[in-house]
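Step one of this worksheet: look at the structure below.
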Amino acid sequence: MKFVKLSVIFIFLANIFSCQQKEKSKEKNQKPNIVFIMSDDHAYQAISAYNDQLIQTPNIDRIAKEGMLFSNASVTNSICAPSRAVILTGKHSHINGKIDNLSKFDTTNVTFPQLLQKAGYQTAMFGKLHFGNNPKGFDEFKILPGQGNYYNPKFITQKGDTIIEGYVTDITTDLTLDWMKNRRDKKKPFLLMYLHKAPHRAWLPSEKYYKEYTQKTFPLPATLFDNFKTRETTAQSAEMGIFKHISLTNDNKLTPKTVKELGIKEWSRLGESLWSLNKEQRAKWDAVYKPINEDFKKRYPTMNDSTFTVWKYQRYLQDYLATIASVDDNVGRVLDYLEDEKMTENTIVVYTSDQGFYLGEHGWFDKRFMYNESFKTPLLIKWPNKITAGITEDEMVQNLDFAQTFLEIAGVKATKEMQGESLVPLLTGQKNKWNRQAVYYHYYEYPAEHAVKRHYGIATKDYKLIHFYHDVNTWELYDSKNDPNEINNVYNNPDYANIVIEMTKKLKEIRIKYKDSEILDKKFIEQYQKN
Ligand code: SGN
Ligand code: CA
């Protein structure tokens, strides 16, 4: 009797084991799923895996712990929609045509999701795209119109527009999880683009975090009071200074009444960014933010330019970082789901931003420049069994490389027009197959908000050469190893004369390699003037 019982238990356990094995091998034989997580304007300085001075991001850090952190990832054009166009097409802005946020994306471009969809991948996109038209190649999408709202956002869907009550970061995640749980075919591989609006300006945190973050103070960056010596004509004319251009109302969330009462003249509009909150949300908000007005009224009379800048900086970072705390929580929800469903083995997870951002460096917020904080972008990738966990990779990679990377992972051929390089060799420990010596950058949106002049440039691991053009003609050279904060433009320093010659030659060559030219520069200026 005992023997019969034992045999039954044995057969039962053997069955379970063989089912599990079958499931595992099914998962192994299936092409990998791709979860592409991107936030909007997320500075690498605000991810604790890069820098733990400002915020703890334990969930985003999980990706680095279990995978690879890229310390030298950059974008080709540091602004939202152009960066997204580069990611989807694998082509530089001057080739895919989406040079700035204003022009519409040319939907005759072939994107990697279209190719994956054709190859049998299920495809879905949730959150911010900012293209002016709907994405092609997606079975399902729910995207924000334009910039979208933090509170009670509207989403464009294939079935029409819908407004969803709540906080955008939570909602984008709810939509993403709902698709993964309920609406995909679990037998097919998938590409999921999970795209946060946060931490984009005007930095409206959720109730969960504004209570905590409005109490915090943060260390000041070394270049908060940069005087732009050696960069007068370019950096100095940009309109993205914390002191002058962050508005006390729209950005720092003081009420227009307070600002008027104190007789302060705002550089930009005297407005409020809080119109999307409903009554109940607004009441909770006011309970926390109203006292900040009273406190400011007391302090303002004794403030000088630098204490005023520091106050604005702290207020800016409190809200900016609080929006990231929500992103981190929600990334955790998605990672947990993948773990609970035992999908981690066969899923590559990428976390990145559409570009970097200034958190007070050079006295700035915003992006656009080829200087490090906005040129570089966070990039963390995990892919168990392929990537050795916990590695930091310092090779120069770009958002231009995603399309070819994902196509290679899925075993799909890239198009001839794509200009990036697959990151698979770096991910799988075959560094000898990677030989990139320099990356190219080109920013176009000028004249426009923030007044960052048009420029293109080349970066190697040692130097960065930038040419500002259109209504100026200035050159800058940075010694990246000796001047990581990029405050010394050494272009005219005789000690660097040979480097200037060498880098100018390299810049010419890389312009040819990527098919960019003065003729195209002129064409885009004319096109811009017509728009
Ligand atoms: C808005 C912001 C700008 C920001 C652009 C582009 N102003 O216009 O500060 O540079 O978006 O951002 S705001 O007062 O309306 O917030 S991007 O990430 O979409 O490129
Ligand atoms: Ca952006």
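In this text the structure is predicted, and so the values were computed from the model without any measurement. Counting starts at 1 for both ligands and their atoms, in listed order.
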Under 4.0 Å from any heavy atom of [X], which atoms of ligand 1 are there?
| X | answer |
| --- | --- |
| D40 | 18 (O) |
| C80 | 17 (S), 18 (O), 19 (O), 20 (O) |
| H130 | 19 (O) |

For [X], give me all partners under salt bridge (Lys or Arg N to Asp or Glu O under 4.0 Å), at least two apart in sequence or on another chain.
| X | answer |
| --- | --- |
| K142 | E140 |
| K464 | E486 |
| K376 | none |

I want to confirm something. Looking only at heavy atoms, which of K367, R84, Q147, H450 is nearest to atom 19 (O) of ligand 1? Q147
Should one rank R368, E445, R201, H245 by closest heavy-atom distance to atom 5 (C) of ligand 1, which comes out on top? R368
So that I know where these two stand, are [X] and [Y] an aromatic pair - ring centroids less than 6.0 Å apart?
| X | Y | answer |
| --- | --- | --- |
| F141 | F155 | no |
| Y440 | H92 | yes |
| Y456 | Y469 | yes |
| Y167 | Y151 | yes |

Determine whether the side chains of N330 and D170 contain a donor N or O and an acceptor N or O closer than 3.5 Å. yes
How does D41 reach ligand 1, if at all, at less than 4.0 Å between non-hydrogen atoms: by side chain, backbone, both, or neither? side chain
Is it the side chain (CB and beyond), the backbone, both or neither of K128 that lies under 4.0 Å from ligand 1, heavy atoms counted? side chain
Atoms of type N, O or S from the protein that sit nearer than 3.0 Å to the Ca ion (ligand 2) number exactly 5
NZ or CZ of R454 within 45° of Y528 ring axis and under 6.0 Å: yes
